[in-house]
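Everything numeric here is computed off the predicted structure, so don't read it as measured data.
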2 protein chains.
Amino acid sequence: MTTTAAFAQIAALMGDPARAGMLDALLDGRALTAAELARAAGVTPQTASSHLARLSEAGLLAVERQGRHRYHRLASPSVARMMESVMAVAADRPPPRRPATGPRDRRLRHARTCYDHLAGHVAVAMADAMVARGQIDLAPDGGALTPEGAAFLRDLGIDLDRSAGGRRVFCRPCLDWSERRPHIAGVLGAALLDGFLARGWLRRLERTRAVEVTPPGRLALARAFGIRDGA
Amino acid sequence: MTTTAAFAQIAALMGDPARAGMLDALLDGRALTAAELARAAGVTPQTASSHLARLSEAGLLAVERQGRHRYHRLASPSVARMMESVMAVAADRPPPRRPATGPRDRRLRHARTCYDHLAGHVAVAMADAMVARGQIDLAPDGGALTPEGAAFLRDLGIDLDRSAGGRRVFCRPCLDWSERRPHIAGVLGAALLDGFLARGWLRRLERTRAVEVTPPGRLALARAFGIRDGA
DNA sequence: CCGATGCTTCGGCCACGCCCGAACCGTCGC
DNA sequence: GCGACGGTTCGGGCGTGGCCGAAGCATCGG
């Protein structure tokens with residue numbers, strides 16, 4: 001049964017703390033250098049190099065050489081989805097102890113990127129608002145944009161056509177590990193994140209997956225989604 | 001960052017060949033005894049016992065005692081979804097060698113259960129047929145039943161209302177590792193499998209996830225989906 | 001009560017693989 | 001050319017964890 005062996009191999013690659021730290025650092029979809037990933041994982045560069053080689057060979061990571069740097073990124077969205085699903089399982093177990101929420105952790109819980117879409121408190125609030133207004137349908141298995149939702153996005157200036165080429169546009173629910181409730185992933189989630197970043201409503205922060213809601217972003221989100229809690 | 005530690009722990013549990021074998025054996029949604037799982041994993045009962053204890057404590061498995069037997073099953077659908085997503089990543093890498101398809105493997109590739117829905121060649125053909133006829137929309141991120149599809153299911157006698165309670169019914173695509181194309185999972189996939197088993201069109205086989213298409217099932221599938229290849 | 005069966009616990013063996021120090025290659029800047 | 005820096009390869013130390021034999025608990029059948 002060679003297929004279970006491949007299954008176990010992929011899982012084992014994620015199962016090492018150092019590699020898990022690197023993968024987590026890459027989960028925002030950006031490409032990082034080996035040194036940055038070594039720091040993220042808390043190991044020396046030579047250890048990181050070995051891990052990165054194995055992850056690349058297994059097809060979890062893709063590498064781009066650029067001068068004397070090597071940029072590593074997740075090889076495909078399916079890798080990100082796999083990680084999300086593992087986090088979902090890891091999150092819905094009783095926490096072994098008080099999570100000890102730190103200030104940095106609080107930022108992550110508030111708003112962060114999840115590969116190509118937004119996660120955290122803000123993202124869940126957005127999803128709730130769109131569901132409450134009948135703009136999207138969201139079920140554990142999938143979701144869909146309603147006509148009202150399509151109109152809403154058009155008003156917001158969010159462009160979905162580019163990736164949806166005439167086909168019906170779907171969104172995908174993604175269980176938020178901090179909120180334990182679904183936020184919007186998939187094509188729709190990616191379009192929302194892109195649009196908000198482009199408008200300057202959100203800004204990526206260095207060295208973390210957390211994103212910041214800018215002052216104009218706060219106003220815009222309050223107007224569009226009725227979200228009015230502070231940063 | 002205690003969340004990456006939990007992530008790595010879950011992944012590491014899947015990452016051992018013996019545990020992966022047990023989880024795979026449970027992927028059809030049934031509950032098995034420790035001895036059966038030990039055989040499936042190719043280890044002695046005492047080794048299996050240790051693995052099972054760890055899987056249960058981590059919340060991946062649930063146990064039910066019944067007399068002097070202990071039945072183990074996957075703790076939740078989210079565990080099955082996690083495993084599916086890992087298999088999807090494991091499948092879309094270049095196979096290390098010729099897969100060496102055996103007769104038993106061929107049955108699995110033809111039709112098998114995938115937790116609560118159908119997978120394999122037959123399942124992909126069903127999905128293709130329904131897409132071609134406009135009965136479902138299927139995208140990488142999600143899927144939805146069209147009005148035509150709802151009517152089709154009604155004619156087939158497939159009951160979706162029980163679990164969908166007035167809400168819109170969604171289906172979910174699930175990448176088939178043998179066919180490398182999506183089949184139908186989610187609420188719709190589960191309803192189809194249940195219905196076909198209840199009608200005697202499909203029959204579960206012992207000690208494997210493979211399912212058999214019965215002679216009446218062959219006729220019915222040909223009539224309903226235009227599938228006419230042999231068992 | 002006794003033995004058989006299903007499963008778990010204990011103890012010890014062994015090896016896989018994670019880790020880092022040191023040395024080696026390639027690119028950039030001067 | 002030379003040093004500096006990013007990254008990889010090599011070698012050996014070491015601990016975690018998988019594995020089984022043997023013994024210990026439960027439950028069922030007689």
Exercise. Backbone N or O of G200(B) within a donor-acceptor pair of the T214(B) side chain at under 3.5 Å?
Worked result: yes
For this session: Measure from CG on L37(B) to P on dC7(C) and round the result to the nearest Å.
Result: 9 Å
Problem set entry | Spacing of L52(A) atom CG relative to dG6(D) atom P, expressed in whole Å | 15 Å
Would you tabulate the pairs of protein nitrogen or oxygen atoms and nucleotide nitrogen or oxygen atoms of nucleotides 9-17 of chain D closer than 3.5 angstrom?
none

Exercise. Can you find a pair of side-chain heavy atoms, one from L32(B) and one from Y71(B), that are under 4.5 Å apart?
Worked result: no
Exercise. Is there a donor-acceptor pair closer than 3.5 Å between any side-chain N or O of S56(B) and the backbone N or O of L52(B)?
Worked result: yes
For this session: For D176(B) and H183(B), indicate whether the former's side chain and the latter's backbone hold a donor-acceptor pair under 3.5 Å.
Result: no
Exercise. For the helix from dC1(C)-dG30(D) to dC30(C)-dG1(D), what angle lies between the axis at the first five pairs and the axis at the last five pairs, to 10 degrees?
Worked result: 30°
Exercise. Are R81(A) and S76(A) close enough that a side-chain donor and a side-chain acceptor fall under 3.5 Å?
Worked result: no
Problem set entry | R70(B) backbone acceptor or donor facing R65(B) side chain under 3.5 Å | no
For this session: Indicate whether the side chain of T44(B) and that of T47(B) have a donor and an acceptor atom separated by less than 3.5 Å.
Result: yes
Distances for protein N/O vs nucleotides 24-28 of chain D N/O pairs under 3.5 angstrom?
from    : atom 1 : to     : atom 2 : distance (Å)
dT27(D) : O2     : R68(B) : NH1    : 3.4

Problem set entry | Gap between atoms CG and C1', on L55(B) and dG18(D) respectively (whole Å) | 13 Å
Problem set entry | Rounded interatomic separation in angstrom, taking CZ from R39(B) and C1' from dC7(C) | 14 Å
Exercise. Between atom NE2 in H69(B) and atom C1' in dG29(D), what is the gap in whole Å?
Worked result: 13 Å
Exercise. Is there a donor-acceptor pair closer than 3.5 Å between any side-chain N or O of E36(A) and the backbone N or O of T33(A)?
Worked result: yes
Exercise. Can R181(B) and D128(B) be counted as an ion pair, charged N to O under 4.0 angstrom?
Worked result: yes
Exercise. Over how many whole Å does the gap from E64(A) atom CD to dG7(D) atom P extend?
Worked result: 14 Å
Seminar exercise, completed: Between CE of M22(A) and P of dC18(C) the distance, given in whole Å, is 11 Å
Problem set entry | Test: D24(B) and R209(B) ion pair at under 4.0 Å | yes
Exercise. Are the charged groups of E64(A) and R73(A) less than 4.0 angstrom apart, N to O?
Worked result: yes
Problem set entry | Length of the CZ-P vector between R70(A) and dC28(C), whole Å | 13 Å
